[in-house]
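Notes to accompany the following structure.
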Amino acid sequence: MIRGAWQLERLVINYSRTPSSRGVYDLMREKNSLVEFAKANPQIEIVTKLNPNRMPHVIGTYVGKIEHQVGIKNANPEDIMKVLHKLRNRSSRDTSSLKHWGKPITKCPSIQGLWTPEDLLDRKIVVKRRS
């Protein structure tokens, strides 16, 4: 990140003793790659939790207690590191609503057509009384 404050405060890596968590075990064993990631990012608290009979996933907690969860079932250590970097670099804001923004769509479009304020200047208003 070039400027600003880091948004990610905490990473929780949940894993179990099932074969789907093999990548997490390999990540913790191979040349301390998780330790190197923690040393390179001292602003992030990294926690590993053993959750029996649960699928492995990573939870990123951001400023304002906003959480994003990413599943890492059957992922190899390189893919898990990509997920950790992606969670570290992303904003805490949900940007899915900003992607599809275009012109507003209404269910009841105007039947009057286009008009300008000058259209009202030349018209005389006639009031008729009902008898």
Side-chain angles (χ1 to χ4, degrees):
M1 198 171 208
I2 297 172
R3 291 191 287 176
W6 290 101
Q7 298 289 309
L8 184 64
E9 292 179 337
R10 184 175 192 208
L11 276 174
V12 180
I13 303 171
N14 293 302
Y15 63 98
S16 64
R17 292 193 173 114
T18 59
S20 62
S21 296
R22 185 177 307 265
V24 179
Y25 282 113
D26 293 342
L27 178 71
M28 290 190 286
R29 283 188 208 139
E30 78 175 29
K31 296 183 183 176
N32 300 325
S33 60
L34 191 59
V35 174
E36 290 174 9
F37 180 79
K39 286 180 181 176
N41 300 291
Q43 74 278 5
I44 303 172
E45 175 188 359
I46 299 176
V47 179
T48 58
K49 284 187 180 179
L50 178 64
N51 289 335
N53 302 323
R54 298 281 181 158
M55 290 297 162
H57 59 277
V58 179
I59 300 173
T61 305
Y62 294 88
V63 176
K65 306 303 178 207
I66 298 169
E67 291 185 348
H68 293 288
Q69 180 176 340
V70 180
I72 51 173
K73 177 182 174 185
N74 296 325
N76 56 20
E78 293 82 23
D79 292 339
I80 296 172
M81 287 305 293
K82 287 179 186 177
V83 168
L84 296 180
H85 284 284
K86 183 178 176 183
L87 286 172
R88 180 197 65 182
N89 293 337
R90 78 175 279 173
S91 172
S92 62
R93 220 173 26 154
D94 185 22
T95 58
S96 62
S97 62
L98 299 175
K99 288 181 186 174
H100 305 291
W101 179 255
K103 293 183 179 179
I105 298 172
T106 63
K107 293 182 181 177
C108 303
S110 174
I111 58 171
Q112 298 173 352
L114 295 174
W115 64 275
T116 61
E118 289 84 27
D119 293 340
L120 300 176
L121 295 177
D122 295 335
R123 296 188 183 181
K124 294 180 181 177
I125 299 175
V126 178
V127 179
K128 293 183 181 180
R129 291 187 179 186
R130 292 185 184 181
S131 49

Could you measure the distance from the [atom1] atom of [X] to the [atom2] atom of [Y]? Nearest 0.5 Å is fine.
{"X": "His68", "Y": "Gln7", "atom1": "NE2", "atom2": "CD", "answer": "9.5 Å"}
{"X": "Phe37", "Y": "Arg88", "atom1": "CZ", "atom2": "CZ", "answer": "5.5 Å"}
{"X": "Ile13", "Y": "Ile80", "atom1": "CD1", "atom2": "CD1", "answer": "7.5 Å"}
{"X": "Ile66", "Y": "Glu9", "atom1": "CD1", "atom2": "CD", "answer": "10.0 Å"}
{"X": "Leu11", "Y": "Thr48", "atom1": "CG", "atom2": "OG1", "answer": "11.5 Å"}
{"X": "Arg22", "Y": "Asn76", "atom1": "CZ", "atom2": "CG", "answer": "12.5 Å"}

Hydrophobic cluster identity match, [X] and [Y], side-chain contacts under 4.5 Å:
{"X": "Val58", "Y": "Leu50", "value": "yes"}
{"X": "Leu87", "Y": "Ile46", "value": "yes"}
{"X": "Met81", "Y": "Tyr15", "value": "yes"}
{"X": "Tyr25", "Y": "Val83", "value": "yes"}

Do you know which two heavy atoms are closest between [X] and [Y], and how far apart they sit?
{"X": "Asn89", "Y": "Trp6", "value": "OD1-CZ3, 4.0 Å"}
{"X": "Pro77", "Y": "Gly23", "value": "CG-O, 3.8 Å"}
{"X": "Leu8", "Y": "Arg10", "value": "CD1-O, 3.5 Å"}

>> Taking side-chain hydrogen bond (donor to acceptor under 3.5 Å, both in side chains) as the definition, give me every residue that meets it alongside Thr18, ordered by chain and number, with sequence neighbours left out.
In response: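 Here the qualifying residues are Ser16, Ser20.
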
> Who are the side-chain hydrogen bond (donor to acceptor under 3.5 Å, both in side chains) partners of Asn51, not counting sequence neighbours?
Replying inline: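 Scan of Asn51 (side-chain hydrogen bond (donor to acceptor under 3.5 Å, both in side chains), adjacent residues dropped) gives Asn14.
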
>> I need the full list of salt bridge (charged side-chain N to carboxylate O under 4.0 Å, His left out) pairs touching residues 68-84, with sequence neighbours left out, sorted by first then second residue.
In response: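 Residue pairs with at least one partner in residues 68-84: there are none.
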
>> By the definition side-chain contact (heavy atoms from CB on, under 4.5 Å), identify the one residue from Leu84, Leu27, Val24 that meets it with Ile72.
In response: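 Only match with Ile72 under side-chain contact (heavy atoms from CB on, under 4.5 Å): Val24.
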
